[in-house]
Amino acid sequence: MENKVQFEQNLVTGKRLECSVRDQLSRLLPDYTVRITDQDKDSLEREEFSLVDVIVLKDDHPVLGIECKWGDLKLNNCLTVNGWDGDYNTPLNNTSLRKYKEAQFPVYLINVNHWCHKAFAADLPTILKSPNDAGKYVKKSGVIRYNVDSRSWMVYEDKWSVKTILTDILRKEKLC
């Protein structure tokens, strides 16, 4: 029961990041439709958009997907819970990675590590090239959560904003 409560709390925190990403993308791309996808486990939309949290559509076709991660665990807690340094690493599970690879649009991941005032962002090719052998955690369900080293990603420290990260992504994708 405690894990379900903790999961729900994390979902609420993560949803704030998703809303911020959606709102900023809507301002930056006024001619596009930007929305948060339905993340319910049985949702058809979740499958259609490859498990991605925020989707950008042009004429009803997906042109960009942003997966949002939010971490509040301090270093010692992260090491205890995950066995790795949350400052430089992004937890991703094997199911999500497989679905991201199937996407028919560019997929980016933004990982905000709130406790150390850092954010990391990368496109799927960068994520797939990043070392992920610094530790893994196997859930009871059999899902493997990898420890992906995000130091080679776009790194944002100290004073940064979601808008800055998204602007960098949009420039890279030539959408602005």
Closest heavy-atom contact between L166 and V21?
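Closest heavy-atom pair between L166 and V21: CD1-O, 3.8 Å.
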Side-chain touch [X]/[Y], heavy atoms, less than 4.5 angstrom:
X	Y	value
S130	W153	yes
K69	L17	no
N147	L92	no
K15	I36	yes

Can you tell me how far apart [atom1] ([X]) and [atom2] ([Y]) are? Round to the nearest 0.5 Å.
X	Y	atom1	atom2	result
R46	Q39	CZ	CD	5.0 Å
I165	L170	CD1	CG	12.0 Å
S96	K101	OG	NZ	11.5 Å
D23	L25	CG	CG	9.5 Å
I110	W70	CD1	CH2	11.5 Å
L109	T90	CG	OG1	6.0 Å

Among the clusters formed by ILVMFWY side chains lying less than 4.5 Å apart, do V143 and V148 turn up in the same one?
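Not linked; separate clusters.
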Using residues 47-65 as the side-chain source, report each donor-acceptor pair under 3.5 Å to any protein atom, sequence neighbours left out, with the distance given to one decimal.
unit_1	atom_1	unit_2	atom_2	d
E47	OE1	K99	NZ	2.8
S50	OG	K99	O	3.3
D53	OD2	C68	N	2.8
K58	NZ	D31	O	3.4

Could you pull out all donor-acceptor pairs under 3.5 Å where a side-chain atom in residues 116-127 meets a protein atom, sequence neighbours excluded?
unit_1	atom_1	unit_2	atom_2	d
K118	NZ	D87	OD1	3.2
K118	NZ	Y88	OH	3.4
D123	OD1	T126	N	3.1
D123	OD1	T126	OG1	2.5
D123	OD2	K172	NZ	3.2

Give the intermediate values and the outcome of side chain to side chain contact (heavy atoms under 4.5 Å, CB included) for residues E18 and I66.
CA-CA 9 Å; E18 292 171 13; I66 306 285; over 6 Å; no
Kindly state each residue pair satisfying side chain to side chain donor-acceptor pair (under 3.5 Å) with at least one member in residues 160-171, sequence neighbours excluded.
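Checked against side chain to side chain donor-acceptor pair (under 3.5 Å) - neighbours excluded - the pairs reaching residues 160-171 are Y156-D168, S161-T164.
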Counting N and O atoms only, with roles assigned by atom type, does the side chain of S43 sit under 3.5 Å from a partner on the main chain of E45, one being a donor and the other an acceptor?
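Side chain of S43 to backbone of E45, a donor-acceptor pair under 3.5 Å: yes, one is there.
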